[in-house]
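For reference, the structure is listed below as structure tokens.
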Amino acid sequence: MVGLTLHDVATGTRPVGIECERCIRRVVVTAAALRARPGDRRTLEQAGVVCGKCGSRAFAVTRFLSEAQVRSFIRAR
């Protein structure tokens, strides 16, 4: 789900998962960490999200529906 917007993240009840397609680093990110605000329709790519490890701009986004999905995302390597 690459087209996720900052509005989607800000109005969601859970954080989102981001996985770098270059180095496979996985992080769970909150709306506050992304500075996401309701009404901001920029995608995460347009907002300039980059991997903190390798600097890549190629990533996959996961939207979580439950806390179990968050834990599973973190554990998967």
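Side chains are part of it too, since the values below use all heavy atoms of this structure and drop only hydrogens, waters and symmetry mates.
- The shortest side-chain heavy-atom distance between T62 and V16 does not fall under the 4.5 Å cut-off.
- Scanning both residues, L44 and F59, for their nearest heavy atoms gives CB-CZ, 3.8 Å.
- Taking CD of E19 as the start and CZ of R25 as the end, the distance is 12.0 Å to the nearest 0.5 Å.
- Side-chain contact between T43 and L4: absent, with no pair of heavy atoms (C-beta onward) separated by less than 4.5 Å.
- Across all their heavy atoms, F73 and I18 have their closest contact at CZ-N, 3.7 Å.
- Between P38 and T11 there is a side-chain heavy-atom pair separated by less than 4.5 Å.
- For the atom pair R42 CZ and R37 CZ, the distance stands at 11.0 Å (nearest 0.5 Å).
- Between C20 and C54, some side-chain heavy-atom pair lies under the 4.5 Å cut-off.
- Linking ILVMFWY side-chain heavy atoms closer than 4.5 Å, directly or via other members, places V50 and L34 in two distinct hydrophobic clusters.
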Assess whether side chain to side chain contact (heavy atoms under 4.5 Å, CB included) is satisfied between C51 and C23, documenting all intermediate values. CA-CA 9 Å; C51 178; C23 70; 3.6 Å; yes
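- For the pair Q69 and R63, the tightest heavy-atom approach, listed with the atom from each and the gap, is OE1-O, 4.4 Å.
- To the nearest 0.5 Å, atom OG1 of residue T5 and atom CG of residue D40 are 7.5 Å apart.
- Between H7 and G39, the closest heavy-atom pair is ND1-N, 2.8 Å.
- Contact record, E67 with R14: N-NE, 3.5 Å, taken as the closest heavy-atom pair.
- Across all non-hydrogen atoms, the minimal contact from V29 to P15 is O-CB, 3.1 Å.
- For the atom pair L6 CG and Q46 CD, the distance stands at 9.0 Å (nearest 0.5 Å).
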